[in-house]
Amino acid sequence: MASKLLRAVVLGPPGSGKGTVCERIARSFGLQHLSSGQFLRESLGGGGGECPRGRPPRRFCSSVWFLTPSLLLPCLSVQLLSAPGFPRTLGQAKALDKICELDLVISLNIPFETLKDRLSARWVHPASGRVYNMDFNPPHVQGVDDLTGEPLVQREDDKPEAVAARLRKYKDAAKPVIELYKSRGILHSFSGTETNKIWPYVYTLLSSKIPPVLSDEEN
């Protein structure tokens, strides 16, 4: 295991590009990208029980541990891992304090109008989970999956009225979390409407903390 660890959280509302940013972080800094469900299946063998403390999976023995819905610290409890986002509330942030001390927090600030348009344009293939965006990643044939030809559906929580409610709920819950990390001097906020334009600044920040394995141009 590397002698120095950097413990970080990536925060952002639904549709802000957290998953894309985390995947790029994983590639650029030598981390493995895992979903929470996959982590639980591999760490707990598909069953219940407590996460084995002191014995993180090999894949996490790197210079950074990232805590997001898709990149999770292996010592978290099952209850915290099961949360849809982490930490999404002040209670979850305080629970995280009992587990480890964060070195930095990355907050993605995307205009809510952009998020509403982005999420409302999202359609999925239910059987596979493949996601399409009608604005920048549409299927070859409108309304059907590229591989199977089966119909695409829009999730209930991606419909415009539901998206607006989700974003309001996130804003209310996230405000005290962001203020907490800001007061500690570890919050780094990045604003914009496109992940590709935000990413270089995230990359520069992390490169000042740990050495990358890929250059920004290679990612």
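No experiment lies behind these values; they were computed from the predicted model shown.
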Original post:
In the hydrophobic clustering (ILVMFWY, side-chain contacts below 4.5 Å, transitive), which residues join V141, or is it alone?
Top reply: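 V141 clusters with V144.
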Subject >> Apart from W123 itself, residues in the same hydrophobic cluster as defined by side-chain heavy atoms under 4.5 Å >> reply: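 Members other than W123 - counting any ILVMFWY side chain reachable under 4.5 Å - are Y132, M134, L152.
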Identify every side-chain donor-acceptor pair in residues 188-195 under 3.5 Å, counting partners at least two apart or on other chains, and give the distances.
none

Subject >> Minimal non-hydrogen separation, P14 against L119, with atom names >> reply: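 In terms of heavy atoms, the two residues are closest at O-CD1, 3.5 Å.
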Subject >> Minimum-distance pair of heavy atoms, taken over all atoms of L104 and L206 >> reply: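 Distance-wise, the nearest heavy atoms are CD2-CD2, 4.2 Å.
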**OP:** For the pair D157 and R166, evaluate side chain to side chain contact (heavy atoms under 4.5 Å, CB included) and give the outcome as yes or no after the intermediate values.
**Re:** CA-CA 8 Å; D157 61 358; R166 289 171 63 192; 3.7 Å; yes
Subject >> side chain to side chain contact (heavy atoms under 4.5 Å, CB included) against V124, all qualifying residues, sequence neighbours excluded >> reply: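 Partners of V124 by the side chain to side chain contact (heavy atoms under 4.5 Å, CB included) criterion, ordered by chain and then number, come out as V131, V153, R155.
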Original post:
Can you name the side chain to side chain contact (heavy atoms under 4.5 Å, CB included) partners of P212, sequence neighbours left out?
Top reply: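 Side chain to side chain contact (heavy atoms under 4.5 Å, CB included) check on P212 returns F29, Y203, S207.
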How long is the gap from [atom1] on [X] to [atom2] on [Y], to the nearest 0.5 Å?
{"X": "L205", "Y": "I210", "atom1": "CG", "atom2": "CD1", "result": "10.0 Å"}
{"X": "I106", "Y": "I186", "atom1": "CD1", "atom2": "CD1", "result": "11.0 Å"}
{"X": "L187", "Y": "L102", "atom1": "CG", "atom2": "CG", "result": "11.0 Å"}

Name the atoms and distances for all side-chain donor-acceptor pairs under 3.5 Å in residues 107-115, with sequence neighbours left out.
from, atom 1, to, atom 2, distance (Å)
S107, OG, N109, OD1, 3.4
E113, OE2, K116, NZ, 2.9

Subject >> Set of side-chain hydrogen bond (donor to acceptor under 3.5 Å, both in side chains) partners for E101, sequence neighbours left out >> reply: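 Counting only residues at least two positions away or on another chain, E101 forms no side-chain hydrogen bond (donor to acceptor under 3.5 Å, both in side chains).
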Subject >> With sequence neighbours excluded, residues passing side-chain hydrogen bond (donor to acceptor under 3.5 Å, both in side chains) with K159 >> reply: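 For K159, the residues satisfying side-chain hydrogen bond (donor to acceptor under 3.5 Å, both in side chains) (neighbours in sequence not counted) are E156.
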Original post:
Do we see a donor-acceptor contact under 3.5 Å between the side chains of N196 and R24?
Top reply: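 Looking only at side-chain atoms, R24 and N196 do form a donor-acceptor pair, the distance falling under 3.5 Å.
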**OP:** Please name all residues satisfying salt bridge (charged side-chain N to carboxylate O under 4.0 Å, His left out) with E161, sequence neighbours left out, ordered by chain then number.
**Re:**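 By the salt bridge (charged side-chain N to carboxylate O under 4.0 Å, His left out) rule, E161 matches no residue at all.
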**OP:** State which residues pass salt bridge (charged side-chain N to carboxylate O under 4.0 Å, His left out) with R118; sequence neighbours excluded, sorted by chain then number.
**Re:**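 For R118 there are no salt bridge (charged side-chain N to carboxylate O under 4.0 Å, His left out) partners, ignoring immediate neighbours.
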**OP:** Any salt bridge (Lys or Arg N to Asp or Glu O under 4.0 Å) involving residues 131-154? Give me the pairs, sequence neighbours left out, ordered by first then second residue.
**Re:**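 Non-adjacent pairs meeting salt bridge (Lys or Arg N to Asp or Glu O under 4.0 Å): R130-D145.
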Original post:
Can you list every pair that meets salt bridge (Lys or Arg N to Asp or Glu O under 4.0 Å) and has a residue in residues 169-184, with sequence neighbours left out?
Top reply: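 Listed once each, the pairs are D97-R184.
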Original post:
Yes or no on side chain to side chain contact (heavy atoms under 4.5 Å, CB included) for T204 and Y201, after CA distance, side-chain angles and deciding distance?
Top reply: CA-CA 5 Å; T204 298; Y201 298 101; 5.7 Å; no
**OP:** Evaluate the criterion side chain to side chain contact (heavy atoms under 4.5 Å, CB included) for residue pair S16 and Y170; output intermediate values, then yes/no.
**Re:** CA-CA 12 Å; S16 60; Y170 171 84; over 6 Å; no
